[in-house]
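Right, one structure below, let's go through it.
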Amino acid sequence: MTLVSDPTAPRLAIAGATGAVGRTLIELIASRGLRHRGVRLAASARSAGRVVDVDGRATVVEDLEHTDFSDVDIAFFSAGTSVSLQWARKAAAQGALVIDNTNAFRMDPDTPLVVPQVNAGVLTGRPASGIIANPNCSTIPLVRLLSAVQERWGIRQVVVSTYQAASGQGEHGITELREGSELALRDPGAELPAERFTAPLAFNVVPFIDKLLDSGFTLEEQKMLQESRKILGLPHLDVTTTCVRVPVVNSHSEAVWVEAAAPVDRTELVARLAALPEVTVHDRDVPGRFPTPLTAGNPDHVHVGRVRVAPHNPRGFWLWLVADNLRIGAALNAVQIAENVLERGLL
Ligand SMILES: NC(=O)c1ccc[n+]([C@@H]2O[C@H](COP(=O)([O-])OP(=O)(O)OC[C@H]3O[C@@H](n4cnc5c(N)ncnc54)[C@H](OP(=O)(O)O)[C@@H]3O)[C@@H](O)[C@H]2O)c1
C-alpha cells in the first residue's frame, strides 16, 4: 500500500484510467511503490461510476468533464490527443502538473518532452505550460539507445522499420486483433474487421499508422523524427522510418540501422548498450541472439539483439529492439518522469 498521509506525498489523478495505458499506470503506481495521498480516476461519461481497484482501495471512476484538478498535484493524461487538447491545460491551470501521454503537446516549445534516462536534465522546475510530454511509444526505446551512440561516435543517419503491436491502439485494438484472428481461423474467407487499423490486422501486416501527411509519410513516422530530434537535442538529426502494425498483442519491435560518424567496434557498442540503465542486450556474448515480444523477459527493460556492424561499412550497424509499448512506451516512462520530479523536488 503506497497511500500515505505524509503531506509531501503527491495527490495523483489519471485521466483515461479505464484504458490500456491508464490500467498500466494504476498497476505501476502500486508495484513501484510510488507514495501518494490518493489517486483520482477519470474517464469518459461511459465509465463514470465504475469501481476500480487502486492499490487495494476501491476507487470510483469520475467523468473527466466534471473532474476538478485543484486538489491534484500530478495528473497523468492518457485519454487521447483530442481529450488532452480539451482538458490538460485546464488541469494545469487548476494547479496539477500534467504528464501527458498523447501527441497533443510533444512539440510545444513550452512543454518538455522527456525520457528520464536520456534528458531528465531539461526538467528544472514546473514547465511554463504546466505540462510534461511523454514521447511516442516507438521513439522512447529508440532514443534510449541512440543517446549512447551519439555520445561515443556521433550519428549521421538512422533508418528504422517498426513492428508495432495491436495494443498501441488501446483496448479496442487488442480486441479487434483477437476477434479478427478467431474469425479468420473459423472462416478463412470471412471479411475481417478493420475499424481500429487501416487494414485488417489478423494474419496481416499494415505499413500505415495514424494519418497520411502531404510528405507521403504517416504522422507516426513524422513523430519519430521530430521527437527524436527534440529529446536528443539534435535539431538536424536524420531519422527516417517506416511504421508497420503487426499482429502482435503487446510490445513493439524495431529494426534499426545506424550510420555513425566514425567506425564502430561491436564489442564496445554492445558493452555501452548493456551498461545503459534498464537495457538488456541478448547477444552480448553469443552473437545472433534476439528478443521477441513473447520471449523478451523483463517488461521494464529495452531488449536488444542481433547487433551487427556492416562488413562493407564499419561506421554502420544494425540492431533489433523490443520494448513493451504500454510500459516503456507510455505508462512506465510517465511514472519515471513523476519519480524524477519528486526525487528532485521539482513539483
Ligand atoms: N497504447 C499505447 O501503447 C500507447 C503508447 C503511448 C501513448 N499512448 C496514448 O495514450 C492514450 C491512451 O491510449 P490507450 O491505448 O490507453 O487507449 P484506450 O485503451 O482506448 O483507452 C482510452 C481511455 O481514454 C478514455 N476516454 C476516451 N474518450 C474520452 C473522453 N472523451 N473523455 C474522457 N476520457 C475518454 C477512455 O475511457 P472510456 O473507457 O470511458 O471510454 C479510456 O479510459 C492515447 O492518446 C494514445 O495515443 C498509447
Side-chain angles (χ1 to χ4, degrees), residues 13-28 39-52 54 59-67 69 75-88 90-91 98-106 113-115 131-143 162-178 195-197 201 209-211 218-220 223-224 227 243 245-246 248-254 293 299 322-337:
I14 300 173
T18 52
V21 174
R23 291 194 295 110
T24 310
L25 279 164
I26 293 170
E27 194 266 300
L28 284 169
V39 183
R40 302 253 305 272
L41 303 181
S44 78
R46 293 179 292 273
S47 303
R50 253 176 75 178
V51 178
V52 172
V54 180
T59 306
V60 178
V61 177
E62 304 169 31
D63 181 350
L64 177 61
E65 206 174 325
H66 304 300
T67 301
F69 287 88
F76 298 97
F77 267 69
S78 65
T81 298
S82 60
V83 176
S84 281
L85 285 170
Q86 192 175 1
W87 300 112
K90 176 192 146 197
V98 172
I99 300 178
D100 186 53
N101 270 297
T102 78
N103 190 38
F105 307 104
R106 290 177 184 152
L113 182 64
V114 177
V115 178
I131 299 168
I132 300 171
N134 213 51
N136 171 268
C137 42
S138 297
T139 307
I140 291 171
L142 179 67
V143 296
T162 68
Y163 302 71
Q164 297 182 221
S167 62
Q169 274 298 104
E171 292 294 344
H172 297 290
I174 297 172
T175 302
E176 185 167 302
L177 173 60
R178 287 193 196 284
E195 281 172 30
R196 301 290 160 178
F197 306 106
L201 188 59
I209 300 178
D210 215 320
K211 62 184 181 195
T218 62
L219 181 56
E220 188 81 350
K223 287 177 205 166
M224 289 188 71
E227 295 177 19
C243 288
R245 190 74 70 185
V246 295
V248 165
V249 173
N250 190 43
S251 286
H252 292 352
S253 306
E254 301 177 31
V322 174
D324 185 321
N325 48 292
L326 292 177
R327 296 172 78 97
I328 302 234
L332 178 62
N333 196 75
V335 169
Q336 288 179 323
I337 290 171

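Atoms within a ligand are numbered from 1 in the order they appear, just like the ligands themselves. For the numbers below, each heavy atom of this structure counts, side chains included, while hydrogens, waters and symmetry mates do not.
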How far is [atom] from its nearest protein heavy atom, and which residue and atom name does that atom have?
atom: atom 12 (C) of ligand 1; result: Ser78 O, 3.1 Å
atom: atom 8 (N) of ligand 1; result: Asn101 O, 3.9 Å
atom: atom 21 (O) of ligand 1; result: Gly19 CA, 3.1 Å
atom: atom 25 (C) of ligand 1; result: Ala79 CB, 3.8 Å
atom: atom 41 (O) of ligand 1; result: Arg46 NH2, 2.8 Å
atom: atom 17 (O) of ligand 1; result: Gly170 CA, 3.8 Å
atom: atom 4 (C) of ligand 1; result: Val21 CG2, 3.7 Å
atom: atom 32 (N) of ligand 1; result: Ser44 CA, 3.8 Å

Proximity of [X] to ligand 1 by residue part, where a heavy atom lies under 4.0 Å:
X: Leu64; value: side chain
X: Val83; value: side chain
X: Ser82; value: neither

Query raised in the report: Does some non-hydrogen atom of the protein lie less than 4.0 angstrom from atom 47 (O) of ligand 1?
Result: no
Query raised in the report: Quick one: does atom 2 (C) of ligand 1 have a protein heavy atom under 4.0 Å from it?
Result: yes
Report task. Using distance alone, decide if ligand 1 has a nitrogen or oxygen within less than 3.5 Å of any nitrogen or oxygen in His172. Result -> no
Query raised in the report: Quick one: are Leu28 and Leu332 in side-chain contact, heavy atoms under 4.5 Å?
Result: yes
Report summary line: Nearest heavy atom to atom 42 (C) of ligand 1, choosing from Thr18, Ile328, Asp210, belongs to Thr18
Query raised in the report: Evaluating non-hydrogen atoms only, which member of Ala334, Ala20, Gly80 is closest to atom 19 (O) of ligand 1?
Result: Ala20
Requested in this report: Start with the C-alpha distance between Phe69 and Phe77, add both sets of side-chain angles, then the distance that settles ring-ring contact (aromatic ring centres under 6.0 Å, His included), and finish with yes or no.
Outcome: CA-CA 12 Å; Phe69 287 88; Phe77 267 69; 5.7 Å; yes
Query raised in the report: Against heavy atoms of Ala330, which atoms of ligand 1 measure under 4.0 Å?
Result: 5 (C), 6 (C)
